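For reference, the structure is listed below as structure tokens.
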Amino acid sequence: MNSNSSIDGTAAAASLPTHVAIIMDGNGRWAKKRLLNRISGHEKGSSTVRSIVRACREIGISYLTLYAFSTENWQRPKQEVNALMRLLEKFLQSEQKEMLVNNIRLRVLGQVERLPSGVRQTLQQALEATKNNTAMNLILALSYGGRSEIVHMARTLAEKVKQGLLEPDSITEELVAGHLYTADIPDPDLLIRTSGEMRISNFLLWQIAYTEIFVTPTLWPDFTREELEQILGEYQTRERRFGTV
Ligand code: IPE
Ligand code: IPE
Ligand code: MG
């Protein structure tokens, strides 16, 4: 059903996406263009995160998922990985108050156990402090990979079958979805990738089956609220068919 048309066939105002997911790419290129080191790009990128989180909260987006660090990103030089972990910890510390004031619930997807213990502690504290907040879900994909998420789900289901708690025939799409990190999170309506690459890079593989995709050439540190609003406007003009006519 096209939720944008009313019963009498006249077009109703298209709705905002409930869930926006962003592949925040291009920090390294932003720095390179300015003859700076990659880490300066990540620093600038983290201030973009602050402004986009604020914008989404004000616009009324219910779920914002940010791809902050992939399972593959562990293979970057140690110095860069350490800098990203430091920035993450700093972000979690400095934003906790803002998340509380603005009723934002922090959530996380990924292999959290691989994060350094300091980051894990700060993360745990922020998750706990914001767990009853209801205005927006800020979901950080950290040490996240879509394939490893699927492997994790398969192992959990296989274990249940082995213990006699589950029949293979009872494995449905809903059951699979319910055993991913995103169990109680709706699928993204809109996926934005900055800095022009036309690829998914192992992000939310199962969940984006019918997500609308926008790729912008803008590098993440240069991404603004204005461009986000422009993309949201374009999203509202798209017709989502979900395989029907
Ligand atoms: C995105 O920027 C940040 C992370 C992946 C952590 P990049 O660091 O990938 O920037 P580019 O792609 O090299 O420009
Ligand atoms: C995707 O960006 C991961 C994040 C934004 C965290 P990458 O820069 O790691 O992806 P590739 O290497 O361009 O596919
Ligand atoms: Mg990149």
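In what follows, every heavy atom counts, from backbone to side chain, and hydrogens, waters and symmetry copies are set aside. The structure presented is a predicted model; accordingly, all values stated were derived computationally and were not measured. Note that ligands are numbered from 1 as they come in the structure, with each ligand's atoms numbered from 1 the same way.
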message: Does Q124 have more than 12 heavy atoms from other residues, nucleotides or ligands lying within 6.0 Å of its CD?
response: no
query: Closest non-hydrogen protein atom to atom 2 (O) of ligand 1, residue and atom name please, with distance?
result: N27 N, 3.2 Å
query: Are any N, O or S atoms from E197 nearer to the Mg ion (ligand 3) than 2.8 Å?
result: no
query: Around atom CD of E72, are there more than 12 heavy atoms of other residues, nucleotides or ligands at under 6.0 Å?
result: yes
query: Does E128 come within less than 4.0 Å of K131, counting only side-chain N to carboxylate O?
result: yes
- prompt: Taking both backbone and side-chain atoms of W30, is any N or O found less than 3.5 Å from an N or O belonging to ligand 1?
  reply: no
task: Would you check the N or O atoms of R199, main chain and side chain alike, for any that come under 3.5 Å of an N or O of ligand 2?
output: yes
- prompt: According to a 4.5 Å side-chain heavy-atom criterion applied to Ile, Leu, Val, Met, Phe, Trp and Tyr, with indirect links allowed, do I208 and I23 form part of one hydrophobic cluster?
  reply: yes
query: Is there a heavy atom of S195 sitting under 4.0 angstrom from any atom of ligand 1?
result: no
message: Please report whether ligand 2 has a polar contact with N73, defined as an N or O pair separated by less than 3.5 Å (distance criterion only).
response: yes
message: Regarding ligand 2, does R193 bring an N or O atom to under 3.5 Å of one of the ligand's N or O atoms?
response: yes
message: Report the atom name of the nearest N/O/S atom of D25 relative to the Mg ion (ligand 3).
response: OD1
- prompt: Can you tell me the protein heavy atom closest to atom 8 (O) of ligand 2 and the distance?
  reply: D25 OD1, 3.2 Å
- request: Could you tell me which atoms of ligand 1, counted from 1 in the order shown, lie closer than 4.0 angstrom to a heavy atom of G28?
  value: 7 (P), 8 (O), 10 (O), 11 (P), 13 (O), 14 (O)
message: Tell me whether R34 forms a cation-pi arrangement with W30, defined as NZ or CZ under 6.0 Å from the six-membered ring centre and within 45 degrees of its axis.
response: yes
message: Using a 4.0 Å heavy-atom cut-off, which part of E197 comes near ligand 1: side chain, backbone, both, or neither?
response: neither
- request: Tell me which part of F69 gets within contact of ligand 2: side chain, backbone, both or neither, using heavy atoms under 4.0 Å.
  value: backbone
task: Mind listing the closest non-hydrogen atom pair of A68 and M24 along with its distance?
output: CA-CE, 3.7 Å
Closest protein heavy atom (residue, atom, distance) for atom 10 (O) of ligand 2: S201 OG, 3.4 Å
message: Would you say F203 ends up clustered with I22 if hydrophobic residues are merged whenever their side chains have heavy atoms under 4.5 Å apart, either directly or through other cluster members?
response: no
field: atom 4 (C) of ligand 1: nearest protein contact (heavy atom, Å)
entry: R76 NH1, 4.0 Å
message: Only heavy atoms of A68, strictly under 4.0 Å: list the atoms of ligand 1 that pass.
response: 6 (C)
task: Just jot down the ligand 1 atoms closer than 4.0 angstrom to any heavy atom of R29, in number order.
output: 11 (P), 12 (O), 14 (O)
- prompt: Got more than 12 heavy atoms from elsewhere within 6.0 Å of CD, E113?
  reply: yes
task: State the atoms of ligand 1, each with its element, that fall below the 4.0 Å cut-off from a heavy-atom position in H42.
output: 3 (C), 8 (O)
Nearest atoms (heavy-atom pairs only) where P186 meets H19: O-ND1, 2.7 Å
statement: min-distance protein heavy atom vs atom 1 (C) of ligand 1 -> M24 O, 3.0 Å
query: Out of curiosity, is K32 lining ligand 1, as in a heavy atom under 4.0 Å away?
result: no
query: Is there a side-chain contact between T211 and D189, using heavy atoms and a 4.5 Å cut-off?
result: no
Result of checking R50, K44, E43 against S46 for side chain to side chain contact (heavy atoms under 4.5 Å, CB included): R50
statement: Result for side chain to side chain contact (heavy atoms under 4.5 Å, CB included) between E149 and one of T71, N202, T182, L205 points to T182
